[in-house]
Amino acid sequence: MITKDDFLDWKKHPVTQALYGGMVNRINEAALELAGSAGIDPLDDRFKCGIVRAYQEVLTLEFDELEGASDNA
């Protein structure tokens, strides 16, 4: 089990920051693609929206949401 301090240290780590930066880039790319092609293929629109939402969820994940997760691993 990890502690809240472990989690916060991990979020501040340069590797984690690079990963988060990559996710932000992918969010922006998907949003730009969607803005340029919305309505042409509704299934593709839904896929891109799902990508954006999934990355947003990861970026905003809080320690309290993880409690017990490592107990079940």
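Below, all heavy atoms of this structure are taken into account, side chains as well, without hydrogens, waters or symmetry copies.
Scanning for side chain to side chain donor-acceptor pair (under 3.5 Å) contacts around Thr60 gives an empty result, with sequence neighbours left out. Scored by the side-chain contact (heavy atoms from CB on, under 4.5 Å) test, Glu33 finds Lys48 as partners (sequence neighbours excluded). Taking Asp9 as the reference, nothing meets the side-chain contact (heavy atoms from CB on, under 4.5 Å) condition, with sequence neighbours excluded.
For Asn25 (side chain) and Gly22 (main-chain N/O), no donor-acceptor pair under 3.5 Å exists by modelled atom type.
Rounded to the nearest 0.5 Å, atoms CE (Met23) and CG (Asn28) are 13.5 Å apart. Note that CZ of Phe7 is 11.5 Å distant from NZ of Lys12, once rounded to the nearest 0.5 Å.
Other residues, nucleotides and ligands contribute over 12 non-hydrogen atoms within 6.0 Å of the NZ atom of Lys11. Atom OH of Tyr20 sits in a crowded spot, with more than 12 heavy atoms from other residues, nucleotides or ligands closer than 6.0 Å.
You'll find the side chain of Arg46 reaches within 4.5 Å of the side chain of Leu43, heavy atoms only. Counting only heavy atoms from C-beta outward, the side chains of Ile2 and Phe63 approach each other to under 4.5 Å.
Linking Ile, Leu, Val, Met, Phe, Trp and Tyr whenever their side-chain heavy atoms come within less than 4.5 Å leaves Leu32 and Tyr55 in two separate clusters. Taking hydrophobic clusters as Ile, Leu, Val, Met, Phe, Trp and Tyr residues chained together by side-chain heavy-atom distances below 4.5 Å, Leu59 does not share a cluster with Leu34. Connection of Phe47 to Val58 is established within a shared hydrophobic cluster, with ILVMFWY side chains joined at heavy-atom distances below 4.5 Å, either directly or through further cluster members. When hydrophobic clusters are built by joining Ile, Leu, Val, Met, Phe, Trp and Tyr residues whose side-chain heavy atoms come closer than 4.5 Å, directly or via intermediates, Leu61 is grouped together with Ile27.
Between Ala30 and Ile51, the shortest heavy-atom contact is CB-CG2, 4.4 Å.
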